[in-house]
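Below: one structure, written as structure tokens.
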Amino acid sequence: MTGDKPSHRSERNGTSGSAGRLEIEAPVVADGPALHRITRDSGVLDVNSPYAYLLWCRDFAHTSAVARTDDGVVGFVTGYIRPDAPDAVVVWQIAVDASQRGGGVARQLLSHLVDRVQPRGVRYLETTITPDNTASIGLFSALAESRGTGIERSELFTADLFPDAHLGEDLYRIGPFPAAGP
């Protein structure tokens, strides 16, 4: 890791729209409202409080990323290093604004996140996905394939553990990623 300055890269955005460049970088606190909005507008993700997104952008900026165009934040991935497994980053949420879907933004966010955490000794990415979320299953399977590594699925949280009509969440573990060089 190169100090506290967030790493980022510019890429041509493959989607149509007013924003030509896509910047992927660590979030800042001011991005919190955009993360909340994108999550809410997705219609499928569990929406956390606005306060939670502010905390994510402050406390987990090194394990999260935003995709930004001239129009503002258009996607994000939030994650954290598992305290009992410091070689694993857990992806909490990933979402892309409707205006940018289908252009590979989510794939770029995940790839960026893996590249940023590998130098910290992370060799695995974990996430939970409901069995009916074929888009997310495809996204994380594609990450494993593009990185030339495995993906394992196991039951983690059964539906009866949730107080509402939430489906169970399966754990997807991707890796190992190669150890980062010096």
Side-chain angles (χ1 to χ4, degrees), residues 1-11 13-14 21-32 34-36 38-39 42 45-46 48 52-69 72-97 100-129 133 135-153 169 171-181:
M1 190 150 249
T2 58
D4 290 329
K5 187 171 180 158
S7 62
H8 66 278
R9 67 175 169 219
S10 298
E11 298 184 24
N13 184 353
R21 282 208 153 310
L22 184 70
E23 298 280 335
I24 298 178
E25 58 194 6
V28 295
V29 171
D31 294 330
L35 274 61
H36 182 265
I38 292 168
T39 303
S42 76
L45 291 175
D46 292 333
N48 298 296
Y53 292 100
L54 294 172
L55 285 176
W56 275 107
C57 291
R58 185 191 77 162
D59 295 345
F60 300 103
H62 289 309
T63 52
S64 299
V66 294
R68 192 184 313 278
T69 67
V73 175
V74 297
F76 72 90
V77 59
T78 53
Y80 63 91
I81 303 296
R82 277 189 53 200
D84 62 339
D87 66 342
V89 63
V90 175
V91 170
W92 179 264
Q93 287 186 315
I94 184 165
V96 175
D97 187 80
Q100 301 294 313
R101 289 189 195 134
V105 175
R107 177 188 48 79
Q108 292 174 57
L109 282 162
L110 284 178
S111 185
H112 175 87
L113 177 62
V114 170
D115 290 343
R116 277 189 33 224
V117 298
Q118 271 186 286
R120 298 176 83 181
V122 170
R123 303 208 46 227
Y124 295 91
L125 182 146
E126 296 181 351
T127 194
T128 64
I129 306 173
N133 190 337
S136 287
I137 293 167
L139 173 65
F140 286 94
S141 296
L143 173 68
E145 183 177 337
S146 73
R147 296 289 174 139
T149 193
I151 184 169
E152 297 175 4
R153 183 194 64 78
E169 295 269 351
L171 174 66
Y172 285 78
R173 183 170 166 91
I174 300 167
F177 303 117

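We use all heavy atoms of the structure for the numbers below, so side chains are in, but hydrogens, waters and symmetry mates are not.
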Considering all heavy atoms, the nearest Leu45-Ala95 contact = CD1-CB, 3.5 Å

Any side-chain heavy atom of Ile81 sitting closer than 4.5 Å to one from Val89?
-> yes

Do the side chain of Arg116 and the main chain of His62 share a donor and acceptor less than 3.5 angstrom apart?
-> yes

Closest non-hydrogen atoms of Val66 and Ala26, given as atom of the first, atom of the second and distance, are CG2-O, 4.2 Å

When rounded to the nearest 0.5 angstrom, what distance separates OG1 in Thr149 from OH in Tyr124?
-> 7.5 Å

Might you point out which heavy atoms bring Gly32 and Cys57 nearest each other, and give the distance in Å?
-> N-SG, 3.7 Å

Is there a side-chain contact (heavy atoms from CB on, under 4.5 Å) between Phe76 and Asp31 once you walk through the steps?
-> CA-CA 10 Å; Phe76 72 90; Asp31 294 330; over 6 Å; no

Does the side chain of Val117 reach to within under 4.5 Å of the side chain of Leu125, using non-hydrogen atoms?
-> no

Side-chain heavy atoms of Arg153 within contact of Ser141, under 4.5 Å = no

Sequence neighbours left out, what passes salt bridge (charged side-chain N to carboxylate O under 4.0 Å, His left out) with Arg58? Give chain and number order.
-> none

Residue pairs passing the salt bridge (Lys or Arg N to Asp or Glu O under 4.0 Å) test where at least one lies in residues 72-86, sequence neighbours excluded | Arg82-Asp84, Arg82-Glu126

Side-chain touch Ile94/Thr127, heavy atoms, less than 4.5 angstrom | no

Do the rings of Trp92 and Tyr80 sit parallel, tilted or perpendicular, given the 30° and 60° boundaries?
-> tilted

If you take all heavy atoms of Ala67 and Leu22, which pair is closest and at what distance?
-> CB-CD1, 3.8 Å

Any sub-3.5 Å donor-acceptor pair from Arg68's side-chain atoms to Arg21's backbone N or O?
-> no

Hey, does Thr39 have a side-chain heavy atom less than 4.5 Å from the side chain of Asn48?
-> no

Would you check if Trp56 and Ser64 make a side-chain contact, meaning some heavy-atom pair closer than 4.5 Å?
-> yes

Closest contact, heavy atoms only, Tyr53 versus Asp46 | OH-O, 3.9 Å

One should read off an interatomic distance between Gln108 CD and Ile24 CD1, to the nearest 0.5 angstrom, of 4.5 Å

Look up atom CZ in Phe140 and atom CD1 in Ile174, then write down how far apart they are to the nearest 0.5 Å.
-> 6.0 Å

So do the side chains of Pro178 and Gln118 get within less than 4.5 Å of each other, counting heavy atoms only?
-> yes

Contacts of Arg123 that satisfy salt bridge (charged side-chain N to carboxylate O under 4.0 Å, His left out) - sequence neighbours left out = none

In short, Ile38 meets Gly75 closest at the heavy-atom pair CD1-N, 3.8 Å

Are any of the side-chain heavy atoms of Leu35 and Gln93 separated by less than 4.5 Å?
-> no

Any sub-3.5 Å donor-acceptor pair from Ser111's side-chain atoms to Arg107's backbone N or O?
-> no

